[in-house]
Each structure stands twice: as structure tokens, then as C-alpha cells.
Amino acid sequence: MRWLALMLGLAVLQNCGAIRPPVDSAAPVQLETQQIYYATTRQQVGGDEFFGSGRSAAVTFGELVVSIPPGHVSGQVEWPTRRPDPARHFAVQSNGGFSSMRRMQSEISKGRGPVTLFVHGYNNTFTEAAFRHAQIAHDLNLTGDQVMFSWASLGVPPGYLYDRDSALQARRPLADLIADLASDSANEVVLVAHSMGAFLTMEALRELSNSGRSDVLRRINRIMLISPDINEAVFLSQIAEINPLPQPMVVTVNREDRVLRVSSRLSGQETRVGLGQHRAALDARGITVLDLTEFAATAGDGHFIPATSETILGLANSLGRGLDD
């Protein structure tokens with residue numbers, strides 16, 4: 001219901017680098033926490049970072065508990081500058097691993113709200129992506145389990161081409177994860193993907209379609225692509241290969257997205273879907289396009305408006321309460 005409320009809220013409103021946070025396992029028990037299951041194609045590293053930017057052929061599964069500071073402001077992730085203080089910053093309270101997807105899936109609730117699968121974008125470390133997912137789930141009061149797929153982003157702005165290759169390498173693992181999550185008919189699956197993660201998600205859906213997994217595609221309840229970093233022609237070719245195309249599919253765009261403008265230059269001045277220049281082609285294919293340009297000034301760099309605009313989050317929660325009544 002909360003993701004539906006966010007989509008409705010965005011429709012009503014219409015009429016990627018940060019300080020790298022270390023983690024801390026000493027969060028006070030009275031803090032609010034958010035549970036995040038994860039699957040990652042990153043290589044494990046020692047210390048508090050858990051997973052680095054190296055690519056792994058094996059997928060690692062686990063569960064994080066992220067604490068939310070008492071003074072948290074909706075739409076923000078309170079990043080620490082040095083060691084995190086859980087009273088003021090997001091922090092990892094615990095991290096536990098699973099030996100397999102089957103073991104993780106046995107812990108995921110059955111039929112108690114949709115399972116939200118979040119795929120992060122370019123220039124994200126593992127911890128950054130986890131904190132952002134925790135912030136979204138907390139600020140939207142999402143029900144159901146939260147699962148993050150973390151692919152091997154280099155986590156630095158110059159790593160764009162490395163990240164693109166990492167996204168391509170992660171297509172099959174993400175497709176397998178979607179199939180596993182959708183295998184339990186008691187669970188609805190909601191896909192939420194940001195930036196280059198939207199490109200990866202569409203590639204995974206294409207893999208599923210080309211493998212004859214129409215049963216999996218039919219179990220995807222809805223898809224939200226936020227500021228997709230995808231060339232328009234590539235996106236249309238991906239859509240053409242996905243049968244059936246899960247619906248509803250919502251794409252949010254910002255005509256002034258500074259990050260996607262840089263991406264356009266890096267990719268040879270190609271237009272990106274998230275810049276919204278050619279929405280008519282998407283409208284014609286039954287995809288809902290939400291132009292959030294007017295809210296960019298209140299949402300950081302304007303590259304993740306649905307998660308960083310306090311106005312949008314507030315309206316979504318207001319609508320969500322009405323849907324839950």
C-alpha cells in the first residue's frame with residue numbers, strides 16, 4: 001500500500017556521491033531500527049565495510065539491522081563524518097550471513113505485506129545503499145520485508161564505466177533473486193530501482209523473459225524506476241523483449257537531473273530516460289511517466305527525488321494512512 005501511495009502522491013504532485021560512512025555495532029537498543037535482507041555480488045572485505053567494490057562470481061546473502069537516529073529528518077540519510085554516533089547518525093547495529101538464498105528466504109515473512117526489492121544506482125558503496133534503503137523504508141513506513149540487491153559499484157564518481165560493466169555482470173544473479181522471491185505465491189514482489197540500477201533491473205527482466213520465465217514476470221506486482229540511467233533506444237528494446245511486461249511500471253524523471261546530464265556526456269551525448277525528453281514513446285507503451293522537475297530544488301542533486309523530497313514523502317504517508325484505514 002505504501003508504494004501505491006507514493007505512486008499516487010507523485011501523480012498528485014505533478015498537477016549519486018556522499019561521505020563514505022563507517023559502521024558501528026554499538027547502537028543503543030532504544031533506537032528505531034530497520035531490517036534489510038541483502039544479496040550482493042560484491043567481494044567480502046575485512047573490517048566494518050563488509051563488502052567492497054570488487055566483483056564476485058558468487059552471491060552472498062545476509063541481513064543487516066540499521067539504526068535510525070532520533071533526530072532523523074525525512075528524506076535525509078544522516079551520514080557520519082568520522083566514527084558514527086548512533087544518536088545522530090545512521091549506523092549498522094548488526095550484520096548476519098546466510099549460507100544460501102534458501103536459508104534467507106526461510107526467514108522472509110510469508111504473506112505479511114509485499115517484499116520490496118531495491119536495486120541501487122551508480123557510485124554507491126554497500127553501506128550507502130543499505131542506509132538509503134533503510135531511510136526509504138523508514139520514511140514511507142513500508143510494510144513487508146525489505147531486500148537489497150547490491151552489485152559491485154566502485155563507489156566513486158570516476159567509476160562510471162566500471163559500474164556499467166559490474167551491472168552487466170550482475171544480470172543473472174539479480175534475475176535469479178527475483179525468481180526466488182517471486183516463487184512464493186503468498187508474497188507480492190515490488191521492484192524499486194534507481195539510476196543505473198534501473199538499467200540492471202531491466203536487463204534482469206529481459207533475462208527472465210528470454211529464459212521463458214513468464215511465471216516470474218507475472219508475479220511481479222509493480223515496478224518503480226527512479227531517474228533511470230538508460231538510453232531511450234536501449235530502454236525501448238528492453239521493453240520489447242520482456243513478455244509479459246510487469247505492470248504497473250512507473251518511471252520518474254527530472255529534466256534538470258545533473259547526474260544524468262553527466263551520464264549523457266560520458267555516454268557520448270545520448271539522452272537518458274530519466275531526463276524525460278521522450279516521454280511520449282513510454283506513454284504509448286503503457287508506462288506511467290511522472291515528471292518531478294519542479295521538486296528538484298528541494299531534493300539534493302535531484303537524482304533521487306521520491307526518496308529525498310520531504311514534501312513527496314509526507315504526501316505519500318498521508319495517502320498511505322488513508323489507504324490503510
Side-chain angles (χ1 to χ4, degrees), residues 16-21 38-43 45 49 51-57 77 79 118-133 148-175 191-207 224-238 251-278 292-293 296 299-308:
C16 263
I19 296 169
R20 307 309 189 198
Y38 64 82
T40 182
T41 54
R42 297 174 182 267
Q43 289 184 355
V45 295
E49 286 298 326
F51 298 94
S53 59
R55 304 178 188 124
S56 172
V77 173
W79 304 101
F118 173 64
V119 184
H120 65 76
Y122 148 73
N123 185 26
N124 272 239
T125 67
F126 176 84
T127 310
E128 284 175 342
F131 284 5
R132 178 59 72 187
H133 190 175
M148 174 184 72
F149 182 78
S150 185
W151 48 281
S153 168
L154 194 60
V156 294
Y160 187 85
L161 293 180
Y162 180 92
D163 280 16
R164 181 85 170 183
D165 288 344
S166 292
L168 290 170
Q169 181 254 354
R171 288 176 295 186
R172 173 50 59 183
L174 177 56
L191 300 184
V192 181
H194 176 231
S195 189
M196 194 179 286
F199 166 74
L200 168 55
T201 298
M202 293 299 293
E203 283 294 288
L205 295 177
R206 191 175 66 84
E207 289 261 339
M224 190 170 194
L225 305 180
I226 301 171
S227 301
D229 186 0
I230 314 173
N231 170 262
E232 182 204 7
V234 172
F235 188 54
L236 294 178
S237 70
Q238 289 171 324
V251 173
T252 73
V253 304
N254 169 17
R255 298 188 307 277
E256 304 300 327
D257 190 319
R258 296 192 298 273
V259 174
L260 289 184
R261 290 194 182 282
V262 171
S263 171
S264 294
R265 291 195 293 271
L266 290 172
S267 55
Q269 298 296 325
E270 297 176 327
T271 59
R272 318 312 283 169
V273 171
L275 286 170
Q277 294 106 321
H278 304 285
L292 305 181
T293 304
D301 60 14
H303 191 49
F304 208 161
I305 296 175
T308 57

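A quick note: this is a predicted structure, and the numbers were derived from the prediction, not measured. The figures here come from the full heavy-atom set of this structure, side chains too, leaving out hydrogens, waters and symmetry mates.
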Ser264 side-chain N/O to Thr271 backbone N/O, donor-acceptor pair under 3.5 Å
no
Quick check: does any side chain N or O of Arg132 sit under 3.5 Å from a backbone N or O of Ala129, one acting as donor and the other as acceptor?
no
Donor-acceptor pair, distance only, cut-off 3.5 Å: does the side chain of Asp229 make one with the backbone of Arg272?
no
Closest non-hydrogen atoms of Asn254 and Gly302, given as atom of the first, atom of the second and distance, are ND2-O, 2.9 Å
Main chain of Arg55, side chain of Gln43: is a donor-acceptor contact present, judged purely on distance under 3.5 Å?
yes
Do Met196 and Leu200 make a side-chain contact, defined as non-hydrogen atoms from C-beta onward lying under 4.5 Å apart?
no
Where the side chain of Arg261 meets the backbone of Arg255, is there a donor-acceptor pair that is under 3.5 Å apart?
yes
Any donor-acceptor N/O pair, Trp151 side chain to Phe149 backbone, under 3.5 Å
no
If you measure from CD on Glu203 to CG on Leu168, what distance do you get to the nearest 0.5 Å?
6.5 Å
Quick one: does any side-chain atom of Tyr122 pair with a main-chain N or O of Pro157 as donor and acceptor, under 3.5 Å?
yes
Do the side chain of His120 and the main chain of Ser195 share a donor and acceptor less than 3.5 angstrom apart?
no
Taking only residues two or more places apart in sequence or in another chain, which ones pass salt bridge (charged side-chain N to carboxylate O under 4.0 Å, His left out) with Arg172?
Asp176, Glu207
For Arg42, give me all partners under salt bridge (charged side-chain N to carboxylate O under 4.0 Å, His left out), at least two apart in sequence or on another chain.
none
How are the rings of Phe51 and Phe126 set to each other: parallel, tilted or perpendicular (split at 30° and 60°)?
tilted
Can you give me the closest heavy-atom contact between Ala152 and Ser53, atom names plus distance?
CB-O, 3.5 Å
